[in-house]
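First listed ligand is number 1; within each ligand, the first listed atom is number 1. Excluded from the calculations below are hydrogen atoms, water molecules and symmetry mates; all remaining heavy atoms, backbone and side chain alike, are included.
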Amino acid sequence: MSNTQNQMLIIFGASGDLTARKLVPALYNLYKGGYIPENFVVLGASRSNLTDGEFRRKVIQESSFLKDKLKEDVEDFIKSFSDKFFYEDLGSDYDTYYGRLSKRISDLNTKFRTENNYIFYLSTPPSLYEVIAKNLSEQGLTKQEDGWKRIIVEKPFGYSLETARNLNKGLQKYFDESQIYRIDHYLGKETVQNLLVTRFSNSIFEPLWNRNYIHHIEITNAESVGVGNRGGYYDKSGALRDMFQNHLMQIVSLVAMEPPIDAKPESIRNEKVKALQSIRHLDENTFYSNTTRGQYLASTINGKKVKGYREEEGVANDSMTETYAAIKFYIDNWRWKDVPFYVRTAKCMPTKVTEVVIHFKPSHHRLFEGTNTDNRLILRIQPDEGVLMKFGVKVPGLGFKVETANLDFYYTDLVDAYVMEAYERLLLDAMQGDATLYARADEVEAAWAFVDPIIQEWKTKREKMHGYPAGTWGPQFADNLIDGKRGWRNPGPNLADTEDYCEL
Ligand code: BG6
């Protein structure tokens, strides 16, 4: 079943949380699905002193993230998976002598015939990316003469436009751009990929997908949880860096891009980057009218007291970090001229939901007085994944009274389809050398070029920081950002819930 070449996956930061939580479960599913090549090795590397056996126990046999999966399988199967895992202690830091690591890679490569094909997965802070790349290069481990070499890096990719550029330059000193895979787990979601299919494989949507028919576009990413135990990280980051610059800008690019000439990775990424580069940057006239920021406050949800952001562990008690960010912007190109895009992301909202809402213009000529059909296409990314079309139908009876009806599709109806987890899909793509669902250097920089000035402007504190009680749809005047009387669609956990539905 697998057309994946024999290879070795070398994970830096392997004793950290991500390896056990995401990477190993994804590999396990791939192994079970028959996607792992015959000759395959995982070599964990980090600063902890572990033996191969201890590493296997930590990330497989005793891992709470695999517990349920392991119960379903026989011992021999689990053992054959575990036997592929090895560990190398890097010592006290990542900028150290890599000779031993290089020797270990070479020995494992010979023994398990992984054909000099290596993926280096950097599950480390970004400050170590260049250091690790340099050391790999010094050991000749980036050369592709006798087998390919790829490097996967995790988010955050930069802290600002400048740091993102420096990271790119740092990595590109040692790896060619075609070898670099910048992960954005939203691109691994089926429903995010389905944005491309909805647009470019149907003749009914694309002819309408422009300024002539679309009134505005709304993208919501809401999370019901707060920052939890990640306050220390989050307080230095905020919603714009944590979600907006990466995940949401990726969704924007897929909604706004022009049709690619074919489905090859570079053709798709070329169009995405053009869309991102066409976004009109905010300036002193629009920073205040086009942005809203907020921070969640303590409240009581379902009788349970919930902490405010400033009371979270690791968060400064006078923090000005946003947990709610909403931006209105325009894309200056032929297709989108004058169509507002409204994009928001927040923690501690009433429910967890991500969706794209395409609001169509009303019909040019209204035949039926008093009717107000609001045509909308809602692409639900999570949860209750699906597509919902809202359109007008005649109410049975005398006259022509019109009301809005739903036409809906749910992914769960595709009972036979196995939907891969985001990390599973993305890892497999990198193993097969397909970079379509990874962010290219220029995409990341174009997204930062738009977001960074907003972050800088918000630092000046001229834009108010609004409080909103945890468990509500954001600051009191959040709807004012949207022109006209419409306001945001505040969806419930189910795709077809009506607007006013709100789970508290
Ligand atoms: C991560 C952010 O990238 O995405 C988190 O750092 C956020 O703060 C998470 O909670 C959301 O991912 P998902 O897939 O649950 O929507």
Hey, which atoms in ligand 1 end up nearer than 4.0 Å to a heavy atom of K155?
1 (C), 2 (C), 3 (O), 6 (O)

Is it the case that N135 and Y94 place a side-chain donor and acceptor less than 3.5 Å from each other?
no

Which class fits the ring pair H247 and Y186: parallel under 30°, tilted 30 to 60°, perpendicular over 60°?
parallel

Show me which atoms of ligand 1 lie under 4.0 Å from any heavy atom of D242.
2 (C), 5 (C), 6 (O), 8 (O)

Might you work through the salt bridge (charged side-chain N to carboxylate O under 4.0 Å, His left out) test for E130 and K173, ending with a clear yes or no?
CA-CA 9 Å; E130 188 175 344; K173 272 194 232 161; 2.6 Å; yes

Select the closest option to atom 3 (O) of ligand 1 among E421, H247, R230, judged by heavy-atom distance.
H247

Which option, H185, E154, K189, owns the non-hydrogen atom nearest atom 4 (O) of ligand 1?
H185

Ligand 1 and T354, any nitrogen or oxygen pair closer than 3.5 angstrom?
no

For Y342 together with H216, are the ring centres under 6.0 Å from each other?
yes

Could an N or O of ligand 1 be found under 3.5 Å from any N or O of Y234, whether backbone or side chain?
no

Evaluate D442 against R269 for salt bridge (charged side-chain N to carboxylate O under 4.0 Å, His left out), listing each step before the verdict.
CA-CA 9 Å; D442 49 0; R269 300 202 296 179; over 6 Å; no

Considering residues, nucleotides and ligands other than R335, do more than 12 of their heavy atoms fall under 6.0 Å from its CZ?
yes

N/O separation below 3.5 Å, N221 to ligand 1:
no

For ligand 1, which atoms have a heavy atom of K347 less than 4.0 angstrom away?
5 (C), 7 (C), 8 (O), 10 (O)

Atoms of ligand 1 less than 4.0 Å from E223 heavy atoms?
7 (C), 10 (O), 11 (C)

Are the side chain of S299 and the backbone N or O of A470 linked by a donor-acceptor pair below 3.5 Å?
yes

Under 4.0 Å between heavy atoms, the region of Y186 that gets near ligand 1 turns out to be side chain

Counting distance only, does the side-chain N/O of W209 pair as donor-acceptor with the main-chain N or O of F200 below 3.5 Å?
no

A student checking ligand 1 against M243 at a 4.0 Å heavy-atom cut-off should list atoms 2 (C), 4 (O), 7 (C)

Just which atoms of ligand 1 are under 4.0 Å from any heavy atom in K352?
13 (P), 15 (O), 16 (O)

